[in-house]
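Take a look at the structure set out below.
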Number of protein chains: 4
Amino acid sequence: MPETAALLVSCPDQKGLVSGISSFIFRNGGNILQSDQYTDVEAGIFLARFEFHLDGFQIPADQITERFRSLAREFSMEFEIHFSDHVPKIALFASRLPHCLEDLLQRQQAGEFKAEIGVVVSNHPDPGEIASRYRVPFLHFPITPENKKQQEAEELRELRSRGIELIVLARYMQVLSEDFIANYPNRIINIHHSFLPAFVGAKPYHQAFLRGVKLIGATGHYVTMNLDEGPIIEQEVARVSHRDSIEDMIRKGRDLERTVLGRAVRLHLCHRILTYGNKTVVFD
Amino acid sequence: MPETAALLVSCPDQKGLVSGISSFIFRNGGNILQSDQYTDVEAGIFLARFEFHLDGFQIPADQITERFRSLAREFSMEFEIHFSDHVPKIALFASRLPHCLEDLLQRQQAGEFKAEIGVVVSNHPDPGEIASRYRVPFLHFPITPENKKQQEAEELRELRSRGIELIVLARYMQVLSEDFIANYPNRIINIHHSFLPAFVGAKPYHQAFLRGVKLIGATGHYVTMNLDEGPIIEQEVARVSHRDSIEDMIRKGRDLERTVLGRAVRLHLCHRILTYGNKTVVFD
Amino acid sequence: MPETAALLVSCPDQKGLVSGISSFIFRNGGNILQSDQYTDVEAGIFLARFEFHLDGFQIPADQITERFRSLAREFSMEFEIHFSDHVPKIALFASRLPHCLEDLLQRQQAGEFKAEIGVVVSNHPDPGEIASRYRVPFLHFPITPENKKQQEAEELRELRSRGIELIVLARYMQVLSEDFIANYPNRIINIHHSFLPAFVGAKPYHQAFLRGVKLIGATGHYVTMNLDEGPIIEQEVARVSHRDSIEDMIRKGRDLERTVLGRAVRLHLCHRILTYGNKTVVFD
Amino acid sequence: MPETAALLVSCPDQKGLVSGISSFIFRNGGNILQSDQYTDVEAGIFLARFEFHLDGFQIPADQITERFRSLAREFSMEFEIHFSDHVPKIALFASRLPHCLEDLLQRQQAGEFKAEIGVVVSNHPDPGEIASRYRVPFLHFPITPENKKQQEAEELRELRSRGIELIVLARYMQVLSEDFIANYPNRIINIHHSFLPAFVGAKPYHQAFLRGVKLIGATGHYVTMNLDEGPIIEQEVARVSHRDSIEDMIRKGRDLERTVLGRAVRLHLCHRILTYGNKTVVFD
């Protein structure tokens with residue numbers, strides 16, 4: 001029996017939801033450790049997260065989903081149940097810049113992520129050395145306009161065969177195709193090096209420098225069909241001044257990117273994020 | 001019937017708490033708008049806040065507390081129920097510095113606080129002019145070591161007769177006696193002009209200047225018998241450098257103090273704070 | 001004799017600039033209190049600020065500008081000299097929202113600005129009450145598409161006749177015409193309620209809510225012909241979450257707007273800002 | 001000839017300082033890139049930093065110090081001149097926690113520090129593996145109360161023989177003796193895991209948890225005889241809530257520690273810090 005379960009629910013708002021869910025947990029012998037709820041009153045939508053101890057739970061873990069389904073049907077719930085003994089596999093995609101890749105590998109080693117880093121993927125050979133240092137398999141997929149479709153198909157095959165559940169773009173500079181993204185809906189996290197929606201697209205630090213902003217930022221978000229427009233998970237900023245050259249902004253930005261991406265990945269792995277419209281609800 | 005109710009609960013952790021409370025609300029026709037829960041696993045303590053719509057609730061508002069009591073007894077709960085149609089009266093205590101006092105009066109006028117400012121109290125005559133500008137009654141209680149006990153007794157009489165439920169010390173420079181504080185347990189909010197526990201006591205900006213810190217702060221906290229040691233509600237900091245004189249720190253600090261005190265008072269008035277040991281649980 | 005002078009200089013970069021300027025000050029008996037310099041190496045531009053004590057200065061204050069001119073000509077400098085005994089007059093433009101207007105009036109009263117608030121101008125009658133409370137003259141100029149040109153001309157006449165040197169748009173909701181702006185180049189400060197360049201134009205908090213950002217911001221900038229695109233003086237952000245409604249963002253934003261606008265106005269009044277291209281150099 | 005020189009000066013305030021220094025630079029053919037100055041008016045102390053291009057400078061680099069001395073004597077200056085072609089050697093001291101050590105090694109690799117990491121020193125064998133990964137020599141000095149004096153002497157011998165100019169304590173958990181510290185005055189940078197002066201001494205995150213603060217911090221400072229009381233170089237904070245366990249604080253704190261220590265070391269290596277009393281003047 002796993003130690004805890006995290007139940008994520010979204011459905012039309014109605015009376016009896018918290019009562020129904022918590023009673024299901026209680027009746028079966030669970031103890032709720034944390035419950036979070038957000039109701040969008042205008043849209044009439046209920047979103048919630050329940051984390052409960054399974055010690056003494058009367059339904060075997062592999063039957064909980066099935067047994068919850070009748071309650072879910074009654075309230076038209078969409079739901080997910082995640083067990084604490086499941087260690088998901090994640091893939092890190094990187095290009096030439098190593099700081100986010102190294103940072104994620106170190107966080108994993110420090111125990112910040114309850115996950116296994118199953119593979120590092122890159123369009124460049126350079127990250128191979130870093131991956132090998134952390135004993136993570138490395139796959140090199142050079143991308144050209146001509147081979148992109150084929151390479152992505154091959155990547156997907158590799159990801160599937162390795163059981164990858166989450167893809168993290170750690171400053172991966174290739175744009176993924178819609179087809180690719182459709183295979184991992186809300187399961188691809190990107191770090192964009194600006195406080196979105198400012199400075200979408202290429203070279204945001206150059207744009208920031210030209211505009212003369214006094215704060216630079218970084219944004220962790222899910223990847224959707226629309227470039228830099230997916231649901232935002234986390235953002236942070238740092239102060240800059242006229243003295244900061246583009247190189248200084250890039251340097252300061254590295255710290256932001258690492259911190260924000262680390263937080264976003266952790267929130268996802270702790271099952272604390274629900275998406276809804278083009279936004280996230282983060283129960284942190 | 002008021003629009004909503006906020007139920008604050010604390011008790012020993014045990015199975016069935018969320019289920020029991022939410023079922024009580026549901027069975028009686030309430031719709032939970034927001035629920036927050038924190039379990040201190042080590043201490044075995046459960047703290048929670050439920051906000052629910054009363055539209056269609058089957059128990060008259062003035063009987064809800066009574067009817068909830070049996071459930072509360074079963075689980076050894078301490079609880080409070082606050083109704084949205086109750087507009088509490090607060091007293092603002094100030095000395096000579098006007099910025100926090102004016103700020104709170106303005107926030108109230110802007111609709112940030114669901115409260116009535118019932119009286120402004122000061123050991124100086126100066127705040128009288130500000131109070132009158134906002135048409136708030138003003139009481140002047142000069143304090144000396146000799147008259148302190150008597151003046152405090154008189155203040156308490158005034159506060160009681162006006163039905164004051166919360167006291168906010170808006171840079172009030174007198175130390176309240178233990179007796180006085182005992183009358184408003186966790187109902188007196190102070191702003192201390194440092195990031196506690198750094199720089200307790202007098203002249204924290206001078207202390208900060210001497211120590212050469214690179215950040216100054218402000219702390220909103222409940223007042224207890226131990227000066228500057230009560231449960232912390234909110235803190236914030238601002239950057240300073242060698243160029244900032246003590247006067248600059250005091251100026252920058254004013255912005256911090258206003259913001260932090262404003263937030264702390266609002267959290268209290270929205271019934272989002274539970275105290276526990278010498279700490280707060282803030283469900284924001 | 002005023003106590004201090006602030007000399008702002010910009011010119012093509014070349015050897016001997018700091019030496020030339022500081023020697024001018026020293027030879028004439030001044031003591032430099034603070035000197036700041038920024039060289040844009042790529043553009044070959046030198047920007048600097050010297051603040052010096054005039055106690056014992058051998059050139060009368062009213063001749064310093066004239067006497068500095070030959071040095072300035074030699075190095076093709078543009079320069080300004082500001083004396084500490086000059087108290088500039090500023091005009092505050094507001095619409096219906098009072099928080100920035102009140103805040104500026106209070107900061108002035110607290111001694112944060114070395115300036116006189118010469119007039120409050122509004123397209124609404126409401127700010128008149130606030131202005132009168134602080135004993136500041138109030139002018140009401142209702143603006144319609146038809147009368148705008150004429151009203152602006154009248155406003156300019158009033159500003160000139162009162163000797164206004166700086167205009168602060170304290171959440172003034174009318175767009176100023178190019179003609180109007182041309183009369184106060186880099187002398188009109190606006191507060192925009194977003195972290196520019198994100199969310200230009202109308203209703204930035206609504207835009208922020210829809211985009212689901214995790215930080216909201218405010219930007220103090222000089223007003224130029226291009227709406228929301230003038231040189232940025234100061235920016236700040238605050239954290240928001242899915243729980244924050246648009247109203248919550250507006251409330252949190254008020255604190256940001258006040259703080260940022262207060263800082264921007266103070267930096268301008270302390271002669272700490274040089275503009276350059278579409279950017280500012282802030283010597284704080 | 002090196003590209004640039006950084007001149008750091010401190011002396012009693014008097015007229016002619018900026019002029020004298022900048023004229024020395026100009027007369028000898030230098031071009032000032034950046035100049036910063038701070039005058040403590042009360043204490044009558046002048047502190048300044050001049051960075052200038054040496055292209056075309058008429059004094060050979062190895063004679064500049066000598067030639068500047070007569071000016072320095074005239075004004076009773078203490079001064080240092082640092083040349084951009086000098087790459088100082090630094091020693092990293094670590095114990096068991098690897099995050100700061102790894103972070104500094106990575107920053108160095110990313111080009112953030114113009115320095116060579118000459119050696120990693122630890123009282124534990126563990127950091128050896130990390131050091132070897134970055135091809136940095138590793139020295140293991142187990143410390144006991146009995147051998148401390150002797151081991152420190154041996155460490156100093158090693159540091160001297162390797163030409164170490166700066167020691168960085170990257171979460172090094174041993175207290176250095178006064179004798180040791182006296183060998184590297186203002187040349188030992190420590191990261192303390194709290195916003196000093198709050199939570200001096202051991203286990204600051206535990207202290208922070210018990211006190212119920214809403215912000216945790218980190219402080220980079222020079223090490224002096226008085227533990228945790230040396231001049232503060234840089235500080236930063238992060239928000240925590242009741243939900244954060246001590247482990248969460250430690251995790252969030254790692255990000256703070258890395259960022260703050262990285263900044264402090266960089267500021268030192270860029271010769272941007274002057275100490276003065278028990279404070280720093282940071283010209284950033």
Side-chain angles (χ1 to χ4, degrees), chain A residues 36-42 45 47 194-200 204 207-222 228-247 260 263-264 267 272-284, chain C residues 36-42 45 47 194-200 204 207-222 228-246 256 260 263-264 267 272-284:
Chain A
D36 290 275
Q37 171 204 342
Y38 171 67
T39 305
D40 181 330
V41 177
E42 252 174 73
I45 290 176
L47 301 132
S194 80
F195 46 81
L196 288 176
F199 310 131
V200 297
Q207 295 183 53
F209 180 82
L210 284 175
R211 183 61 187 91
V213 292
K214 301 299 184 188
L215 296 170
I216 55 168
T219 304
H221 65 95
Y222 286 121
D228 300 337
E229 293 186 8
I232 293 171
I233 302 168
E234 174 65 337
Q235 299 188 291
E236 193 56 270
V237 295
R239 197 153 279 274
V240 292
S241 81
H242 60 272
R243 283 204 169 158
D244 288 296
S245 64
I246 293 175
E247 286 67 37
V260 170
R263 281 189 212 152
L267 288 167
R272 295 189 170 279
I273 312 174
L274 278 157
T275 55
Y276 139 71
N278 197 41
K279 299 205 233 175
T280 61
V281 166
V282 178
F283 291 127
D284 61 351
Chain C
D36 291 275
Q37 172 204 342
Y38 171 66
T39 305
D40 182 329
V41 177
E42 253 174 71
I45 290 175
L47 302 132
S194 81
F195 46 79
L196 288 176
F199 310 132
V200 298
Q207 295 182 54
F209 180 80
L210 284 175
R211 182 60 187 90
V213 291
K214 302 300 184 188
L215 297 170
I216 56 168
T219 304
H221 65 94
Y222 286 121
D228 301 336
E229 293 186 9
I232 293 171
I233 302 169
E234 173 64 339
Q235 300 188 289
E236 193 56 91
V237 295
R239 196 154 280 274
V240 292
S241 80
H242 60 272
R243 284 204 169 157
D244 288 296
S245 64
I246 292 174
L256 284 177
V260 170
R263 280 188 212 153
L267 288 167
R272 294 189 171 279
I273 312 174
L274 278 158
T275 55
Y276 141 70
N278 197 40
K279 300 205 232 175
T280 61
V281 166
V282 178
F283 291 126
D284 61 349

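Below, all heavy atoms of this structure are taken into account, side chains as well, without hydrogens, waters or symmetry copies. In what follows, every chain begins at residue 1, and chains take the letters A, B, ... in the order their sequences are listed.
Proximity to chain A (any heavy atom under 4.5 Å) is shown, for C:Phe195, by both the backbone and the side chain. Contact annotation for C:Lys214: both backbone and side-chain heavy atoms come within less than 4.5 Å of a heavy atom of chain A. Both the backbone and the side chain of C:Thr280 come within less than 4.5 Å of a heavy atom of chain A. Of the two parts of A:Ile233, only the backbone, made up of N, CA, C and O, holds a non-hydrogen atom closer than 4.5 Å to a non-hydrogen atom of chain C.
When each of A:Leu215, A:Thr39, A:Leu210 is scored by its heavy-atom pairs under 4.5 Å with chain C, the top score falls to A:Leu215. Contacts with chain A were tallied for C:Val282, C:Val41, C:Val200; C:Val282 has the most, counting heavy-atom pairs under 4.5 Å. Ranked by non-hydrogen atom pairs under 4.5 Å with chain C, the options A:His221, A:Arg211, A:Arg243, A:Glu42 are led by A:Arg211. Heavy-atom pairs under 4.5 Å with chain C were tallied for A:Pro197, A:Gly217, A:Ser194; the largest tally goes to A:Pro197.
Taking every heavy atom of both residues into account, A:His242 and C:Phe283 meet most closely at NE2-CE2, 3.8 Å. In terms of heavy-atom proximity, C:Val213 sits nearest to A:Leu196 at CG1-O, 3.7 Å.
Between the side chain of A:Arg239 and the backbone N or O of C:Glu236, no donor-acceptor pair lies under 3.5 Å.
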